[in-house]
Amino acid sequence: MKHSNKTKAYYHLPGLFEFYELYQVFLPLFFKHREYFYDWCEIGSIYGAPSDCLWGGGRTSFGNHDPAEVHALMRKYQIPARLTFSNFLLEVEHLSDKKCNALCALFADNSSYKNGVIVHSDLLLDYLKTTYPGLYFISSTTKVLTDFDLLVDELNRDDFRYVVPDFRLNKAYDKLDALTGHQKDKVEFLCNECCFFGCMDRKRCYEAVSRKNLGENCPEHHCAAPDAGEGYRFSKAMENPGFIGIDDIVNVYLPMGFSNFKIEGRGLGSALILEFLLYYMTKPEYQLRVREAVYLDNMLDLF
């Protein structure tokens with residue numbers, strides 16, 4: 001293994017609009033009491049999209065918090081926001097959507113640091129590059145990049161600051177280690193995927209979400225994976241061959257030269273998101289304190 005001087009892991013957290021109330025409580029705690037949290041981790045961004053966004057993809061969003069308040073919260077703590085606009089069925093006529101353009105205009109207006117957009121469609125990417133040059137771009141995991149050569153091609157594109165490969169490439173250690181330093185800086189691993197490792201329908205699942213966001217009357221995608229009816233369970237995700245835990249991050253990925261890690265969960269409840277924040281970021285001896293501080297906040301409904 002090639003050794004690197006990477007000492008920080010940057011987490012990209014879910015629920016920019018979906019879990020605003022949770023982050024409104026958690027972020028002050030994170031910055032005021034850094035002793036509660038691992039010194040080797042930081043928040044790299046928080047991502048998401050409001051409900052009813054034509055450009056949305058990946059998951060059907062239920063976020064409805066006021067974008068101006070979301071923008072203000074991220075700006076207060078200097079945390080990059082990412083709009084999840086990974087619909088890959090967009091046509092030219094969709095590019096004029098007022099709601100999505102207004103969101104891009106709001107988050108592109110940021111002088112001290114850049115916000116980002118997670119994209120799949122090259123049509124949308126080209127439009128955003130021209131119209132909102134103040135934003136940076138992330139290649140979405142909805143591309144299902146399971147072929148390592150295709151991942152390398154994506155990493156070599158100057159369009160993207162980060163690329164999220166399919167979680168089934170997470171443990172391709174020899175190939176990952178052979179990447180250049182510049183390529184490693186752009187890889188953003190999806191850590192806690194619960195999807196069946198042998199799933200062959202992942203693209204069709206994402207396609208169904210894209211069609212729903214476009215308002216098409218399309219049939220539901222029914223997952224045929226074993227235990228699909230149980231829904232997301234963190235305990236099951238931890239058993240997934242592609243799971244990346246904190247020991248992996250500290251002992252494998254950071255020494256190998258990787259520093260960006262995405263936590264999924266936009267479609268889950270805020271109580272489960274809190275469990276991710278506790279596991280990935282909080283020292284065990286302080287987890288109860290963080291949990292109590294969040295649960296006892298009278299303004300937050302975690303269920």
Side-chain angles (χ1 to χ4, degrees), residues 6-20 22-23 26-27 30-31 37-38 40-49 56-59 61 63 70-71 73-75 77-86 103 107 110 113-120 135-143 145 151 154-155 159-167 169-170 176 183-195 232 234 237 242-246 248-250 253-254 257-268 270 272-282:
K6 298 291 185 187
T7 58
K8 291 283 187 181
Y10 293 90
Y11 288 123
H12 303 276
L13 304 175
L16 180 64
F17 298 89
E18 298 87 342
F19 304 120
Y20 173 88
L22 173 60
Y23 289 119
F26 179 78
L27 293 179
F30 179 76
F31 287 101
F37 304 94
Y38 296 119
W40 49 262
C41 75
E42 299 288 349
I43 300 174
S45 73
I46 302 178
Y47 67 92
R59 294 289 183 268
S61 176
V70 170
H71 181 264
L73 181 66
M74 295 300 102
R75 198 166 200 168
Y77 293 103
Q78 297 286 285
I79 297 173
R82 291 179 173 182
L83 299 169
T84 305
F85 286 161
S86 52
L103 286 164
F107 285 93
N110 215 45
Y113 61 93
K114 281 191 173 186
N115 292 315
V117 181
I118 302 171
V119 294
H120 184 144
L135 298 168
Y136 73 86
F137 304 102
I138 306 96
S139 177
S140 173
T141 192
T142 60
K143 294 181 180 181
L145 297 176
L151 171 62
E154 197 79 353
L155 291 170
D159 296 320
F160 300 118
R161 182 178 294 189
Y162 302 102
V163 174
V164 186
D166 189 86
F167 70 103
L169 291 183
N170 285 357
L176 290 167
Q183 290 168 332
K184 289 180 179 182
D185 287 342
K186 296 175 70 173
V187 176
E188 184 177 311
F189 293 101
L190 183 58
C191 294
N192 61 327
E193 178 58 65
C194 192
C195 183
Y232 187 97
F234 195 23
F243 178 74
I244 296 177
I246 56 172
D248 300 313
I249 291 171
V250 172
Y253 292 93
L254 288 178
F258 297 98
S259 56
N260 287 284
F261 303 90
K262 180 175 183 177
I263 309 301
E264 79 161 22
R266 285 195 301 138
L268 306 176
S270 52
L272 191 47
I273 302 303
L274 175 59
E275 292 305 313
F276 298 156
L277 299 175
L278 292 171
Y279 172 79
Y280 279 105
M281 302 178 69
T282 313

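FYI, the numbering just counts along the sequence from 1. Both backbone and side-chain heavy atoms feed into the values below; hydrogens, waters and symmetry mates do not.
Rounding to the nearest 0.5 Å places CG of L274 at 13.0 Å from CG of L268. Note that CD of E275 is 7.0 Å distant from CG of L272, once rounded to the nearest 0.5 Å. For the atom pair CD1 (I263) and SG (C191), the distance works out to 4.5 Å, reported to the nearest 0.5 Å. Within the model, atoms OH of Y77 and CG of L27 stand 6.5 Å from one another, a figure rounded to the nearest 0.5 Å. Atom-to-atom distance recorded for F261:CZ and I244:CD1 is 6.0 Å, nearest 0.5 angstrom. The distance from atom CG of L145 to atom CG of D166, rounded to the nearest 0.5 Å, is 7.5 Å.
Across R82, K114, R161, a single residue satisfies side chain to side chain donor-acceptor pair (under 3.5 Å) together with Y136, and that is R82. In summary, of the residues considered (F31, F19, F37), a ring pair (Phe, Tyr, Trp, His ring centres under 6.0 Å) with F26 occurs for F37 alone.
Smallest separation of non-hydrogen atoms from R75 and Y113: CA-OH, 3.4 Å. The two atoms that bring A49 and E18 nearest to each other are O-OE2, 3.2 Å, heavy atoms only. R266 approaches G15 most closely through the heavy-atom pair CG-N, 3.8 Å. The two residues L190 and E264 come nearest to each other via the heavy atoms CD1-CB, 3.8 Å. Of all non-hydrogen atoms in L176 and L169, the two that sit nearest each other are CD1-O, 3.6 Å. What you find for A237 and N192 is that their closest heavy atoms are CB-O, 3.6 Å.
Taking the six-membered ring for Trp and thresholds of 30 and 60 degrees, H71 and F107 have ring planes more than 60 degrees apart, a perpendicular arrangement.
Judged by the 6.0 Å and 45° rule, K184 forms a cation-pi pair with F258. Cation-pi geometry between K262 and Y47 is satisfied (NZ or CZ under 6.0 Å from the ring centre, within 45° of the ring normal).
Taking the ring-ring contact (aromatic ring centres under 6.0 Å, His included) definition, one finds that Y38 meets it with W40, sequence neighbours left out.
Contact of the F17 side chain with the L103 side chain is registered, since non-hydrogen atoms from C-beta on lie closer than 4.5 Å. Residues I138 and F160 form no side-chain contact, since every pair of their non-hydrogen atoms from C-beta on lies 4.5 Å or further apart. Taking 4.5 Å as the limit, some side-chain heavy atom of V70 sits within range of a side-chain heavy atom of L16. Here the side chains of L277 and L13 are in contact, with some heavy-atom distance below 4.5 Å.
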Could you walk me through whether L254 and T7 pass the side chain to side chain contact (heavy atoms under 4.5 Å, CB included) test, one step at a time?
CA-CA 6 Å; L254 288 178; T7 58; over 6 Å; no
Does the pair L135 and N115 meet the rule for a side chain to side chain contact (heavy atoms under 4.5 Å, CB included), with working shown?
CA-CA 5 Å; L135 298 168; N115 292 315; 4.2 Å; yes
Would you sort out whether V163 and V187 count as a side chain to side chain contact (heavy atoms under 4.5 Å, CB included), showing the intermediate values?
CA-CA 5 Å; V163 174; V187 176; over 6 Å; no
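Here the two rings, on F85 and H120, have centers that are 6.0 Å apart or farther. Note: Y11 and Y280 meet the aromatic proximity criterion, with ring centroids under 6.0 Å apart. Close placement of the Y279 and F234 rings is indicated, their centers lying within 6.0 Å of each other.
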